[in-house]
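Shown next, in structure tokens, is the structure this report addresses.
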Amino acid sequence: MALSRLYKRPVSLGCAPAPPEPFFSLRLQPGRRSPAWGPPRPLRLHLSPREDVKSLVSSFVAKTKVMNEKYNRFLERRFPRFYVMYSVFVKGFQMLLADAKKARRIKTFMRQKKVMFHQLSYRDMEHLRQFRQDIVKCLFLGIISIPPFANYLVFLLMYLYPRQLLIHHFWTSKQQLEFLDIYHARRKQSHPKILSCLEKATLLIPNPVHQWHFTQLYVKVQKGDPPVVNDLLPLRTCFSVYPLAMSHLSTAHLKALSRAMLLTPHLPSVLLRYRLNKHSTVLHQLDKALKRLGIGQLTAQEVKSACYLRGLDSTHLAEDWCRFWLAQWLYFSCSLKNTEMSLLLHAVVLFSTNYPGTRHLGSC
């Protein structure tokens, strides 16, 4: 009697009776030694397929995009000035993340293939150089944000001093042109000092032929004519020995060259010499990689950026003039030896001085 109550006895008309179904079943659970009592489990577990998960994710992304577009339209309609800053910040952050991913891929490739920096392609070398410069500026901004509640002050400083604290990703198109003009005006202010230091140093050159070439070079610059490659190549041996070699330049000369290269001059002479050596070496390696690639493979923006890095005011110069100047520069730079990097730094000043189409010192 007691066992019969544990089973249901369904009545079927015209067919065989169904087997009794127990109220409880004895099952073994993994990890347990004793049996567990409970209702019977289905033989197959229901798992959501990948298509359902993908559809959920895609619908979530689509709804997020719609909400973001509505929010952007609201900001653009109600707060137009804030919307400009907000859009620039969002796009700049996206570009910075993309640059970081590309730099990571390049570093991984260098580590796996055991490739050095100077063995990379021109675009990869230029990307790493620019990304390192941007990261240094971002690290400085992060350090001053460490104290408690300092981030609110940092936001205010970023708004008031975008050129000093922000990288080019977070500049508007108008700010980019304005800030590039400011930087070029500052480095052109150091050109007279560099020419003066160069003229004083050439008085110590014992070779009278070299002194005559330097005199002709100064006369040409004072008349407002830009020097050409043939004006500097005969003097290349003078920049690898005393007094024009990098290791023999005076502190005032090093500071003036640092300003012309957009490097800070407020460092000891040892660090100034080290940074100038590193800058000239990287620039020389970039020139060799660019010569392998060919100027014709560069876009208009890449040509202007390459000329600006080498001292030319390319923001106010036509693309054809920039390509012609860059071709002359590559011919000169690739003909120099590693011991003649002092001449490469001085050529940044000499080749950009009085170039047709650029602004003169008086207009800066």
Hydrophobic clustering (ILVMFWY, side-chain heavy atoms < 4.5 Å, transitive) - are [Y] and [X] grouped together?
| X | Y | value |
| --- | --- | --- |
| Tyr161 | Leu141 | yes |
| Leu153 | Phe140 | yes |
| Val228 | Val221 | no |
| Leu160 | Leu166 | yes |
| Leu257 | Leu204 | no |

His248 side-chain N/O to Val241 backbone N/O, donor-acceptor pair under 3.5 Å: no
Would you indicate whether [X], at its atom [atom1], is surrounded by more than 12 heavy atoms from other residues, nucleotides or ligands within a distance under 6.0 Å?
| X | atom1 | result |
| --- | --- | --- |
| Tyr331 | OH | no |
| Arg186 | CZ | no |
| Lys304 | NZ | yes |
| Arg163 | CZ | yes |
| Trp171 | CH2 | yes |
| Lys337 | NZ | no |
| Tyr218 | OH | yes |

side-chain hydrogen bond (donor to acceptor under 3.5 Å, both in side chains) contacts in which one or both residues fall within residues 274-287, not counting sequence neighbours: Asp287-Arg310, Asp287-Trp329, Asp287-Ser333
Decide yes or no for [X] and [Y]: does some side-chain heavy atom of the first lie under 4.5 Å from some side-chain heavy atom of the second?
| X | Y | value |
| --- | --- | --- |
| Leu180 | His184 | no |
| Thr315 | Gln176 | no |
| Leu298 | Leu326 | yes |

Aromatic ring pairing Phe89/Phe93, orientation class (parallel under 30°, perpendicular over 60°, tilted between): parallel
Parallel, tilted or perpendicular, as decided by the 30° and 60° cut-offs, for the rings of Phe214 and Phe239: tilted
Proximity of Tyr183 and Tyr308 rings by center, below 6.0 Å: no
Arg123/Glu126 ion pair, N-O < 4.0 Å: no
Pairs where residues 229-246 contributes a residue and the test salt bridge (charged side-chain N to carboxylate O under 4.0 Å, His left out) is met, not counting sequence neighbours: Lys220-Asp231, Arg236-Glu340
For Asp134, all residues meeting side chain to side chain contact (heavy atoms under 4.5 Å, CB included), sequence neighbours excluded: Gln130, Ile167, His168, His169
